[in-house]
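Step one of this worksheet: look at the structure below.
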Number of protein chains: 2
Amino acid sequence: MKKNPLQCQFVVALDSIVGKWKPIILYHLLQGKTLRFNELRRLLPDITQRMLTLHLRELEEEEIVKRVVYPQIPPKVEYSITEYGMSLSPILETLHQWGVAHVERKQLSKEKNEHIETD
Amino acid sequence: MKKNPLQCQFVVALDSIVGKWKPIILYHLLQGKTLRFNELRRLLPDITQRMLTLHLRELEEEEIVKRVVYPQIPPKVEYSITEYGMSLSPILETLHQWGVAHVERKQLSKEKNEHIETD
DNA sequence: TGGTATAGTATTAAAAAAGATACTGTTTCG
DNA sequence: CGAAACAGTATCTTTTTTAATACTATACCA
């Protein structure tokens, strides 16, 4: 990728939290609890195992998520947010709030239109 | 898309500002100036006309960007941030800051490694 | 008269991301 | 003994996104 120095900062930030599933994965881990692989799967019922693995590995790579493997059978692997990963908390929070407001806004303008149409 | 109600808020927010080029487009428009199509192109030297058009149309659709066409030849079309679009400013700002810090962090740990290796 | 600027569209190709499905080995539970 | 739980891999297909390229019409300028 050729990099526009300006774009770069955004891209770096977004690369870390984008991907269809990363925001919700992070949402859950940012609650502070340690979660096992299948616990996360249950929280994200529509994700495939493959996608969950891929996204978790990327988050681990960036030191946003910590992965701890217990050498036992059946296997046990725990995922948790790192201290560094916590620094994403304000972004996710702001994003979440904006999303809520945006949905409300759309809802409102939809209702307004329906009202006019049926007037 | 099946929607997890939780994921939904994030997705809505991210849909509005993600896409390879949207953050920088918004960065420029958030400076407050009105920009013509080709002015934006010059600010984003690597974007194709098609991508610029597509992303601007999406931003227009969400009422984040305003598009004004002057019926004259050669054509003149002006783009500017809407007041609603301004509500994205804190997100972009937080994101930008995080990106800067993330790059610095990576740089630091890289330097540390190099130091150890050559010790 | 030919070149440049304007703001795009159309078409095709390539690359990236996501999804579907089947499979692994071991243990514990019924 | 058979089935389920664990945490994944491997392979293939589909979908989505981005890129490359050529093309449009008109006006202005030299």
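Letters A, B, ... mirror the listed sequences (proteins, then strands); counts begin at 1.
The phosphate of D/dT9 (OP1 or OP2) has a side-chain N or O of A/R57 nearer than 4.0 angstrom. Side-chain nitrogen and oxygen atoms of B/H55 include at least one within less than 4.0 Å of the OP1 or OP2 phosphate oxygen of D/dT18. Look at B/K20 and you'll find a side-chain N or O under 4.0 angstrom from OP1 or OP2 of D/dA19.
Between A/L52 atom CG and C/dA20 atom P there is a gap of 15 Å when expressed in whole angstrom units. Atom CG in B/N38 sits about 9 Å away from atom C1' in C/dG8, given to the nearest Å. Across the protein-nucleic acid pair, A/D15 atom CG and C/dA17 atom P stand 9 Å apart, rounded to whole Å. Across the protein-nucleic acid pair, B/Q72 atom CD and D/dA25 atom C1' stand 15 Å apart, rounded to whole Å. The separation between B/E39 atom CD and C/dA7 atom C1' is 13 Å, rounded to whole Å. Atom CD1 of A/I73 and atom P of C/dG25 are 12 Å apart (whole Å). Between the CD atom of A/E58 and the C1' atom of C/dA18 there is a distance of 12 Å, given to the nearest Å. The CD1-C1' distance, from A/I47 to C/dA18, rounds to 10 Å in whole Å.
Along DNA chain C, the nucleotide nearest to A/T48 and the one nearest to B/V69 differ in position, and the one closer to the 5' end is contacted by B/V69. The 5' end of DNA chain D is approached more closely, in terms of each residue's nearest nucleotide, by A/R42 than by the other of B/G19 and A/R42. Place A/P75 and A/T53 on DNA chain D by their nearest nucleotides, and A/P75 ends up nearer the 5' end.
Using a 4.0 Å heavy-atom distance criterion, B/R41 is classed as making no nucleic acid contact. In this structure, A/R50 reaches the bases: a heavy-atom distance under 4.0 Å links it to at least one base atom across the strands shown. When heavy atoms are screened at a 4.0 angstrom cut-off, A/Y70 is found touching no nucleic acid atom at all.
For the pair B/R67 and B/L56, the minimum side-chain heavy-atom distance is 4.5 Å or more.
Counting only heavy atoms from C-beta on, B/W21 has its side chain closest to D/dA19 among D/dA19, C/dT26, D/dG8. Relative to the side chain of A/M51, the nucleotides D/dA7, C/dA7, C/dG19 differ in distance, and C/dG19 lies closest. In this structure, of C/dT6, D/dT9, C/dT26, it is D/dT9 that holds the atom nearest to the side chain of A/Q49.
Relative orientation of the B/H96 and A/F10 rings is tilted, given thresholds of 30° and 60° on the angle between their planes. Ring geometry for B/W98 versus A/Y84: interplanar angle under 30°, hence parallel rather than tilted (30 to 60°).
To the nearest 0.5 Å, atoms OG (B/S89) and CG (B/L29) are separated by 12.0 Å.
In summary, A/K33 and A/E39 do not engage in a salt bridge, as defined by a charged side-chain N under 4.0 Å from a carboxylate O.
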